Amino acid sequence: MSWDEFWIILVSCGATMLICRVAPLFLLKGRQLPERVILALNLIPPAAFAALVANDILSPGMFAQGIWPAGAIIVASLIVVIVAIKSRSLLWCAVAGVVSYAILLLF
């Protein structure tokens, strides 16, 4: 690839990213979105976080070392979900996850 081709690709990718990120801000400035759209947009951060967590918990080779190491991760995740529902605190979820995973690995 030549430098000319590289700069064409770089500038076009940069312009596309800028347009996709800035254009909605200018188009929606001063407008009130419908309630259902706001509700749907509020679901994006938890869905992205869940996808990141699920990617770490569930992997194709998770049962390669045996059932218990993979089961310990899943059980610790369920404990974190219960703590999250009860406390709604990220700090307590992190503490519960680390402690439960450490205890489960002792067995």
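In this text, all values refer to a predicted model and were calculated from it rather than measured experimentally.
- Enclosure of atom CD1 in I67 is not indicated, since only 12 or fewer non-hydrogen atoms of other residues, nucleotides or ligands lie within 6.0 angstrom.
- Taking both residues in full, the closest heavy atoms of G97 and A76 are given as O-CB, 4.4 Å, listed atom of the first, atom of the second, then distance.
- Counting all heavy atoms, side chain and backbone alike, I57 lies closest to M62 at O-CE, 3.6 Å.
- In this structure, the side chains of W68 and L104 come closer than 4.5 Å at one or more pairs of heavy atoms.
- Linking Ile, Leu, Val, Met, Phe, Trp and Tyr whenever their side-chain heavy atoms come within less than 4.5 Å leaves V81 and Y101 in two separate clusters.
- At most 12 heavy atoms of other shown residues, nucleotides or ligands fall within 6.0 angstrom of atom CZ in F49.
- For CH2 of W92, the number of neighbouring non-hydrogen atoms (other residues, nucleotides, ligands) closer than 6.0 Å is 12 at most.
- To the nearest 0.5 Å, atoms CG (D56) and OG (S77) are separated by 9.5 Å.
- Using a 4.5 Å cut-off between side-chain heavy atoms of Ile, Leu, Val, Met, Phe, Trp and Tyr, with links allowed through other members, I73 and F63 fall into the same hydrophobic cluster.
- With side-chain heavy atoms closer than 4.5 Å counting as contact, directly or through intermediates, the hydrophobic cluster containing L41 also holds L28, L33, V37, I38, I44.
- Both V83 and V99 belong to a common hydrophobic cluster when Ile, Leu, Val, Met, Phe, Trp and Tyr are linked at side-chain heavy-atom distances under 4.5 angstrom.
- Under a 3.5 Å cut-off, the side chain of S87 and the backbone N or O of A84 do not form any donor-acceptor pair.
- Taking hydrophobic clusters as Ile, Leu, Val, Met, Phe, Trp and Tyr residues chained together by side-chain heavy-atom distances below 4.5 Å, V80 does not share a cluster with V98.
- Distance check, rounded to the nearest 0.5 Å: CH2 of W3 to CD1 of I8 gives 13.5 Å.
- Hydrophobic cluster membership differs between L105 and I79, with clusters built from Ile, Leu, Val, Met, Phe, Trp and Tyr side chains linked at under 4.5 angstrom.
- With contacts defined as side-chain heavy-atom distances shorter than 4.5 Å, the pair L39/E35 does not qualify.
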